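Below is one structure, written out as structure tokens; the observations come after it.
Protein chains get the first letters and strands the later ones, always in sequence-line order, with residue 1 at the start of each. Computed from a predicted model, the values in this text were never measured in an experiment.
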There are 2 protein chains.
Amino acid sequence: MSGQAVTAELLAVVVAMVDGHPSVLTLGEPPRLPAGPLLPSHRSLQAATRTWVEEQTGRRLGYLEQLYTFADLDREGAGELRPISVSYLGLTTPGEEPGIGGWHDWYALLPWEDTRTDTSLLDALASHLWRWADSDTGFEVERRQRVGITFGLDGHAWQPDLVLQRYELLYESGLVPESPAESRRPAAELAPGDRMLGDHRRVLATGLARLRAKIGYRPVVFELLSPTFTLRQLQDCVEALAGRAVHTQNFRRLIEQQALVEETGEVDADTGGRPARRYRFRRQVLQERSVAGTKLPTTRSR
Amino acid sequence: MSGQAVTAELLAVVVAMVDGHPSVLTLGEPPRLPAGPLLPSHRSLQAATRTWVEEQTGRRLGYLEQLYTFADLDREGAGELRPISVSYLGLTTPGEEPGIGGWHDWYALLPWEDTRTDTSLLDALASHLWRWADSDTGFEVERRQRVGITFGLDGHAWQPDLVLQRYELLYESGLVPESPAESRRPAAELAPGDRMLGDHRRVLATGLARLRAKIGYRPVVFELLSPTFTLRQLQDCVEALAGRAVHTQNFRRLIEQQALVEETGEVDADTGGRPARRYRFRRQVLQERSVAGTKLPTTRSR
DNA sequence: CGGCCTTATGCTACATCTGAGCAAAAGCCG
DNA sequence: CGGCTTTTGCTCAGATGTAGCATAAGGCCG
């Protein structure tokens, strides 16, 4: 039994902090993720991904982790051969601009995921979701449950890492159009967010979900920061990724008691207030013990 | 730029509890995981996996989750086309025996992962690992660190979900031969464990790692239990999966306070002591909130 | 220069969670 | 019935997490 011949494609969600905004590397218009086929010369899928990103954007990747593989029939195929797509999440620092391609603020792509300060968009979406849930389908109860859980409403806590579930719910309820091909005008205005090519925005949502989950149990934030940083910068970074604010004092305590960082001795006077000490990540902790990442002290709740 | 033509293969790690032993579904000798190519008729990778497992073993799967995708050059190819393998983790209950294929106790395949009672094997392996680490390579420090962390030695805590890391470390240090092709006799006796076809044992290790991690934050254990069960059976199941013992009283407290289960009213007198109440999983919790799975109360440490 | 604003940093009171153990309950068995 | 087993209930101290208050140390402005 020999299988169908297919082609394997690599898709990369490459994330960096650009001027304080978590951003994703995109190419062209409509924006698309760096991608490329698997070639005989590639040693492994991961190596292939590295190669393509480098070739298309001129950027070297540090951290790289596999996300998900899909090959649904309904994906827009590249002709004869069924494409099977392997997606990766990469972390880097913006470095010497510009390469090819550009950084796209991911909250421009998934605006409702930023709950740090303004939740008016979410509130607007919520009212539409409730209407969707209550429409006469025979699934009112299930739908209300689902809306409540995924969007942290109705007594449920907001869970930062349910990015994909939220995206899919918005999609199902017609608030987010997926492919540029189809266009449901009225809804499209409700859940703004820049579109991307094909289902790339869904892949991005997968990457964001993974990243948010991961910062909680592995110290990956530091891949996105410059070698030295203040605790405030670290916190801003975590908040930007998680999309929500955290309690400052408790955050620093967590960092310190885990001994994730060490002082450099320098201070940064650009704070607008008392100067802040600069720190660097203690890479050794990666060896010393399997560290527990940046736990989020829960926070000023909504 | 059109990519290399490849074939996609599905690989399934199907787990069930068989007579109290966590077991994996295998075919043939040497045992191999159920597998099959992606065909044009398959809607999705997940659907393809379901189909193949059903066809090859006559078993329906419940829970099914994607594990990892690999396409390394050094994998034993199926001829012309480079195979790219997508692995899945499936959970089920043994049900009406026998289908085709059989259940293989996974601790027969990865014996050092069972630390519930006897740790003599681990101790034996440890002494060899230390020797390996201390051999004159210039990497003594790094190697000692790595051995300590992955095997919970030298002050580090044993982490159940580092299954893959342990397997790879044993492999690197020559204690576990990978493919039946190569054979390093002396070592093979040290880390016993039944072999499997090709790199299937590595895939199994990946599955076990994922499962152990997952029971901690999602209530998946119940997929492996019969509809009603005693708390002791639940605990045995969790212990078998995690490969270590837990504190009984604290375990029940966790289960109860999370309201994961409800009494059926029946009791089970076969306990050898005081009869135990039977419970059933409250499926509703999956809706009510995104529940936090079966946290392991840490335990009688080694 | 002194008061005021801002952010950084230190610390404390309080709630909750965890780990560990004691002890009673409720079957069986001889 | 006493002894054995496992289930079940409960306590208690230490660790961890949450939420504030308070102070330190800069810049800015009158």
Side-chain angles (χ1 to χ4, degrees), chain A residues 20 116-117 157-158 160 215-217 228-239 242 244-279 289 291-302, chain B residues 20 117 157-160 216-217 228-239 242 244-279 291-302:
Chain A
R116 280 173 292 181
T117 52
W158 170 266
I215 54 175
Y217 62 93
T228 80
F229 46 83
T230 66
L231 289 182
R232 163 57 55 184
Q233 287 167 342
L234 175 58
Q235 181 180 344
D236 284 342
C237 184
V238 169
E239 289 187 340
R244 70 173 189 184
V246 310
H247 181 115
T248 307
Q249 299 95 314
N250 292 340
F251 177 77
R252 0 176 90 243
R253 185 180 50 187
L254 267 184
I255 300 295
E256 277 162 14
Q257 81 188 11
Q258 290 194 108
L260 286 176
V261 297
E262 63 192 358
E263 295 188 30
T264 66
E266 309 157 302
V267 287
D268 187 340
D270 277 359
T271 60
R274 172 174 172 174
R277 304 183 189 157
R278 296 193 73 85
Y279 294 81
R289 49 215 163 85
V291 262
T294 316
K295 288 179 205 148
L296 297 184
T298 50
T299 14
R300 337 167 202 171
S301 48
R302 322 200 298 130
Chain B
T117 52
W158 170 266
Q159 299 186 279
Y217 62 95
T228 81
F229 46 85
T230 67
L231 290 183
R232 163 56 56 181
Q233 288 167 341
L234 175 58
Q235 181 180 345
D236 284 342
C237 184
V238 169
E239 289 186 340
R244 70 174 189 185
V246 310
H247 181 114
T248 306
Q249 297 94 314
N250 291 342
F251 177 76
R252 355 176 93 244
R253 181 177 54 186
L254 269 183
I255 300 295
E256 277 161 14
Q257 82 188 11
Q258 290 195 112
L260 285 177
V261 297
E262 63 192 359
E263 296 188 30
T264 66
E266 309 158 302
V267 287
D268 188 339
D270 277 359
T271 61
R274 172 172 174 174
R277 303 183 190 158
R278 296 193 73 85
Y279 294 82
V291 261
T294 316
K295 288 179 205 149
L296 296 185
T298 51
T299 16
R300 336 168 202 172
S301 49
R302 322 200 294 133

Exercise. At under 4.0 Å, does any side-chain N or O of A/Arg277 touch on OP1 or OP2 of C/dA8?
Worked result: no
Exercise. Rounded to the nearest 0.5 Å, how far does NE2 of A/His247 lie from CZ of A/Arg252?
Worked result: 10.5 Å
Exercise. In whole Å, what is the span from the CD atom of B/Gln257 to the P atom of C/dT16?
Worked result: 12 Å
Exercise. Just how far, in rounded Å, is C1' of D/dA22 from CD of A/Gln249?
Worked result: 10 Å
For this session: Give, for atom OH of A/Tyr279 and atom CD of A/Gln233, the distance between the pair rounded to the nearest 0.5 Å.
Result: 12.0 Å
Problem set entry | B/Ile255 side chain near B/Leu234 side chain, heavy-atom distance below 4.5 Å | yes
Problem set entry | Between P of D/dT7 and OH of B/Tyr279, the distance in whole Å | 11 Å
Seminar exercise, completed: Against the side chain of B/Glu256, the closest entry in C/dA8, C/dG19, D/dG9 is D/dG9
For this session: Output the residues of residues 261-276 of chain B in contact with DNA chain C, where contact means a heavy atom of the residue under 4.0 Å from an atom of the strand; sort by number or write none.
Result: B/Gly273, B/Arg274, B/Pro275
Problem set entry | Non-hydrogen side-chain atoms of A/Glu266 and A/Thr228 separated by less than 4.5 Å | yes
Seminar exercise, completed: Taken to the nearest whole Å, CG/A/Asn250 to P/C/dT12 is 14 Å
Problem set entry | Proximal nucleotide (of D/dC21, D/dG17, D/dT7) relative to the A/Leu254 side chain | D/dG17
Exercise. Any idea which of D/dG17, D/dA22, C/dA8 is nearest the A/Arg252 side chain?
Worked result: C/dA8
For this session: Quickly work out the B/His247 NE2 to D/dT7 P distance and round it to whole Å.
Result: 13 Å
Exercise. If you round to the nearest 0.5 Å, how far is CZ of A/Arg278 from CG of A/Leu231?
Worked result: 10.5 Å
Exercise. B/Arg253 has a side chain; which of D/dT11, D/dA19, D/dT7 sits nearest to it?
Worked result: D/dT11
Problem set entry | Distance in Å, B/Arg244 CZ paired with B/Thr117 OG1, rounded so as to fall on 0.5 Å steps | 14.5 Å
Exercise. Nearest-Å distance, CZ (B/Arg278) to P (D/dT8)?
Worked result: 12 Å
